[in-house]
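Each ligand, and each atom within it, is numbered from 1 in the order the structure gives. Values below: every heavy atom of this structure, side chains too, minus hydrogens, waters and symmetry copies.
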Amino acid sequence: QKEEWKKLKNEKTMTADGHHVELAANIGTPNDVKGVLDNGAEAVGLYRTEFLYMDAETFPTEDEQFTAYKTVLESMGDKKVVIRTLDIGGDKELSYLDLPHEMNPFLGYRAIRLCLDQTDLFRTQLRALLRASAYGKLAVMFPMIATIEEFRAAKALLLEEKANLQAEGVTVSEDIEVGMMVEIPATAVMARQFAKEVDFFSVGTNDLIQYTMAADRMNEKVSYLYQPFNPAILNLLNNVITEAHKAGKWVGMCGEMAGEELALPILLGLGLDEFSMSASSVLRARSLMTRLNKSECEAIVEQVLDMDTAEEVVDFLSTTFDIKK
Ligand code: PEP
Ligand code: MG
């Protein structure tokens, strides 16, 4: 089986009925790029930049960040690299950033909220990203967006720093895509409005499931409620993808669900354009995709969206596609 997968390494991901989907990989550091290329991923769908900050004693400088981003972009060549701006707070802390203790850190001061408040810190990262954009195919993605105003404010800062750099004579790519993560239910519900403003969405199911089900993703006591296949989640995904496509925008997924075998047929049927997973899952997923018919998967979407429970969905998908959960 592994030998079969290896043959797919340099292939595009095509379904049995000839549709292309993009299989991308998630990375945490520039060192992970080797695994991405070795496993034949078509892009980097999520570069979690917080590790650059978490692995340091103090805030990484603009030059340090530029070097890291440039390394990844250059190594990926003409393949797309989606870099997510700082997603700190919640479960991720920085030893050198004194954040107030919060009752509900996952509902608190984190990610884009912190970046839009401490704009010096954010501007430094944006400048590093913009400078690196000249070396590859960059897409910038903002985490934990809850409102349209936040997206506009983040994008405005990006454009401001772009103008500043250009005035300084620095080369910046003119084709940077600017998108956002969909991990707060409000944004999934408001996908129609957001779709007018973004270049793309990437669904962060790890957080989207936690917030939709109000079940802490780390708490074993409530893990039974952490249900990727709950029809509530699937209906939110359907809304995001439908509205994005109406506006001509693409949708990726970079949460764990994108790499789950049982989820692939339904995500394909929903029309997901890009699946970003751990590099080691890419070839297995590509192999499964080559056996799936997109039209067949589309035909079962309505049925699944109308089901009552996650269990019903899981049973149906595993028997229909002969995949174990
Ligand atoms: C997510 O929430 O699904 C996601 C990809 O982000 P993280 O796991 O880093 O919170
Ligand atoms: Mg998240």
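- Among the heteroatoms counted here (N, O or S) of E183, OE1 is the one nearest to the Mg ion (ligand 2).
- Checked against K7 for a side-chain hydrogen bond (donor to acceptor under 3.5 Å, both in side chains), the options E3, E4, E11 give a single hit: E4.
- Between the choices C254, G28, G204, the shortest heavy-atom distance to atom 1 (C) of ligand 1 belongs to G204.
- Residues M141 and M181 form a side-chain contact, since some pair of their non-hydrogen atoms from C-beta on lies under 4.5 Å apart.
- Cation-pi geometry between K249 and F200 is not satisfied (NZ or CZ under 6.0 Å from the ring centre, within 45° of the ring normal).
- For D87, every N, O or S atom stays at 2.8 Å or more from the Mg ion (ligand 2).
- Just one residue in the list L97, T124, D120 forms a side chain to side chain contact (heavy atoms under 4.5 Å, CB included) with F59, and that residue is L97.
- Tested against R286, the residues E22, E42, E261 include a single salt bridge (charged side-chain N to carboxylate O under 4.0 Å, His left out) partner, E42.
- Taking atom 7 (P) of ligand 1 as the reference point, the nearest protein heavy-atom neighbour is R48 NH2, 3.5 Å.
- For the pairing with E62, the side-chain hydrogen bond (donor to acceptor under 3.5 Å, both in side chains) check across R131, Q125, R123 returns one residue only, R131.
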Exercise. Hey, mind stepping through H245 and D273 against side-chain hydrogen bond (donor to acceptor under 3.5 Å, both in side chains) and telling me if it holds?
Worked result: CA-CA 10 Å; H245 286 177; D273 302 290; 2.7 Å; yes
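- For D207, the N, O or S atom with the smallest separation from the Mg ion (ligand 2) is OD2.
- Residue D207 has at least one N or O atom closer than 3.5 Å to an N or O atom of ligand 1.
- Relative to atom 4 (C) of ligand 1, the option among R217, M181, K92 with the closest non-hydrogen atom is M181.
- The contact set between ligand 1 and E183, taken as ligand atoms under 4.0 Å from a residue heavy atom, comprises 1 (C), 2 (O), 6 (O).
- Scanning the protein heavy atoms around atom 6 (O) of ligand 1, the nearest turns out to be R84 NH1, 2.9 Å.
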